[in-house]
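Have a look at the structure below before the remarks.
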Number of protein chains: 2
Amino acid sequence: MKLSRHSDYALRAMIQLATSGDELVSIRHIAQTYGISHNHLMKIAQGLGRAGFIEPVRGRHGGLRLARPASEISLGALVRHTEGEDSLVDCTGCLIAPACGLPDVLAEAMQAFLAVLDGYRLSDIANRSHMLRALFDIPTSAGPSQNAADPVQCPAD
Amino acid sequence: MKLSRHSDYALRAMIQLATSGDELVSIRHIAQTYGISHNHLMKIAQGLGRAGFIEPVRGRHGGLRLARPASEISLGALVRHTEGEDSLVDCTGCLIAPACGLPDVLAEAMQAFLAVLDGYRLSDIANRSHMLRALFDIPTSAGPSQNAADPVQCPAD
DNA sequence: ACATTAGATGTATTCCATTTGAATGTATAG
DNA sequence: CTATACATTCAAATGGAATACATCTAATGT
Ligand code: SF4
Ligand code: SF4
């Protein structure tokens, strides 16, 4: 009973996009932020784009941005998309399938689970707080970060 | 977001035990009923025994039976045991872990999920109905089943 | 035009957890 | 004592997720 990494990566990307406001953020940048697979995240971004959660911009200086304000994106819808809405059990071949009451109960429990998530929006977990902005190293508005630990694009690279 | 087969197998065993009343049912028999791995089910039975859901009886003519009436066994407790109560996501190494609000939301959703299961007992999904008893081929009280499709322990085996 | 960047898509490989299998020990009824 | 059935441990196999690789399309600056 775990959320797939696929789902969490999607959430991570959405959080970063929400915190970045209207700025375009490249998939490569997000992948580097979390230290996760660039290719994997790319496929996740495809899915998010097709589902209408994000708006991809191609070409040089392209990137991703939220398709709607974070306050209008439901966590339930996101998880429904990334996890799929299929049943929690696969009863094919089970002897007692015709008489088993378990699938109904599990479906009800799953609905309750998603109902809670439906009560939250992306903006609830990704407010554009200083803390998140600092973690993402997003300049607030007074120029780039002066963080000493910042690699700062070594020119001799 | 699927229930592990481990959990479903545990539920299957519990359903069969509930339907079998006070009779001892061997692990081998349950495994054959569902056509699943004997070894795997044995480990699941160990866990159920240690958790106090079932009462194992060793030795010749041994087997398993419910430790308590099916009406006193909560599905929530069962799933909590088989799935473990650990978090849905592993945040170790995630950059934004200190500022992320997602784990709290997921925990709340999980609680709602389990709350629904807590509202059901084993007896709710495994009533000793004729249908289940027939599927398990349990004699009602008037001698063994005369089902033509029954293999009936070929003596020449 | 052309090169460069960045997303889109498909395939293949690697990785890991779950599941299964096998072997051995322990307990009990007969 | 022996046959049966649960207990425990370890090794192998399976399957799905995650990653890597390759190629294409689209936008943009030069
Ligand atoms: S036991 Fe009930 S839920 Fe589990 S597989 Fe068989 S039918 Fe489906
Ligand atoms: S994003 Fe939030 S939930 Fe997902 S791993 Fe990072 S901290 Fe944990």
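Only this structure's heavy atoms are used, side chains among them; waters, hydrogens and symmetry mates stay out. In the text below, chain A, chain B and the rest are named by the order of the sequence lines, each starting its count at 1.
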Numerically ordered, the residues 77-87 of chain A set in heavy-atom contact under 4.0 Å with DNA chain D is none
When rounded to whole Å, the OH to C1' distance for the pair A:Y9 and D:dA17 reads 11 Å
Any residue of residues 20-33 of chain B with a heavy atom less than 4.0 Å from an atom of DNA chain D: B:S26, B:I27
Side chain proximity check, B:Q16 to B:I30, heavy atoms < 4.5 angstrom: yes
Send over the distance from B:L48 CG to D:dC6 P, rounded to a whole Å. 13 Å
Of all the heavy-atom pairs spanning A:A126 and A:I15, show the shortest one and how long it is. CB-CG2, 3.8 Å
Exactly one of A:V57, A:L24, A:I27 clears side chain to side chain contact (heavy atoms under 4.5 Å, CB included) with A:L64, and that residue is A:I27
Looking only at heavy atoms, which two atoms of A:L122 and A:A18 are closest? And how far apart? CD2-CB, 3.9 Å
Identify whether any heavy atom of B:H6 sits under 4.0 Å from a base atom; if not, whether one sits that close to sugar-phosphate; answer base, sugar-phosphate or nothing. sugar-phosphate
Results of salt bridge (Lys or Arg N to Asp or Glu O under 4.0 Å) for B:R80 - residues two or more places apart only: B:D118
Whether the B:S123 and B:S71 side chains hold a donor-acceptor pair (N or O, under 3.5 Å, no angle test) is what I'd like checked. no
Mind checking the CD1-CD1 spacing from A:I36 to A:I44? Nearest 0.5 Å is all I need. 6.5 Å
Which parts of residues 53-64 of chain A get close to DNA chain C, meaning a heavy atom less than 4.0 angstrom away? A:P56, A:V57, A:R58, A:G59, A:R60, A:H61, A:G62, A:G63
Atom pair distance, as rounded to whole Å: NE2 in B:H38 and P in C:dT19: 17 Å
Option among B:K43, B:H40, B:E83 that satisfies the side chain to side chain contact (heavy atoms under 4.5 Å, CB included) test with B:H6: B:H40
Send over the distance from A:N39 CG to D:dT23 P, rounded to a whole Å. 14 Å
A:R65 has an atom CZ; how far is it from atom P of C:dA6, in whole Å? 15 Å
With a 4.0 Å cutoff (strictly under), does any side-chain N or O of A:Q46 reach OP1 or OP2 of C:dT9? yes
Here the gap from A:Y9 atom OH to A:S37 atom OG, rounded to the nearest 0.5 Å, amounts to 8.0 Å
Please tabulate, one pair per line, each protein N/O and nucleotide N/O from nucleotides 10-16 of chain D that are separated by under 3.5 Å, including the distance.
unit_1	atom_1	unit_2	atom_2	d
D:dC10	N4	B:K43	NZ	3.3

Do you know the tightest heavy-atom contact between B:T82 and B:A10? CG2-CB, 3.6 Å
Position toward the 5' end of DNA chain C (nearest nucleotide), B:I36 or A:M42: A:M42
Non-hydrogen atoms of B:Y34 and B:R12 that approach each other most closely: OH-O, 3.0 Å
Measure the shortest side-chain to side-chain distance between A:L78 and A:L48 over non-hydrogen atoms and say whether it is less than 4.5 angstrom. yes
Between C:dT9, C:dT19, D:dT19, which nucleotide gets closest to the side-chain atoms of A:R50? C:dT9
Looking only at D:dA18, D:dC21, D:dT8, the nucleotide nearest the A:H40 side chain is D:dA18
Return the minimal non-hydrogen interatomic distance between A:A99 and B:M131, and the atom names on each side. CB-CG, 3.6 Å
Taking salt bridge (Lys or Arg N to Asp or Glu O under 4.0 Å) as the test, write out the residues that go with A:R5, two or more places apart. none
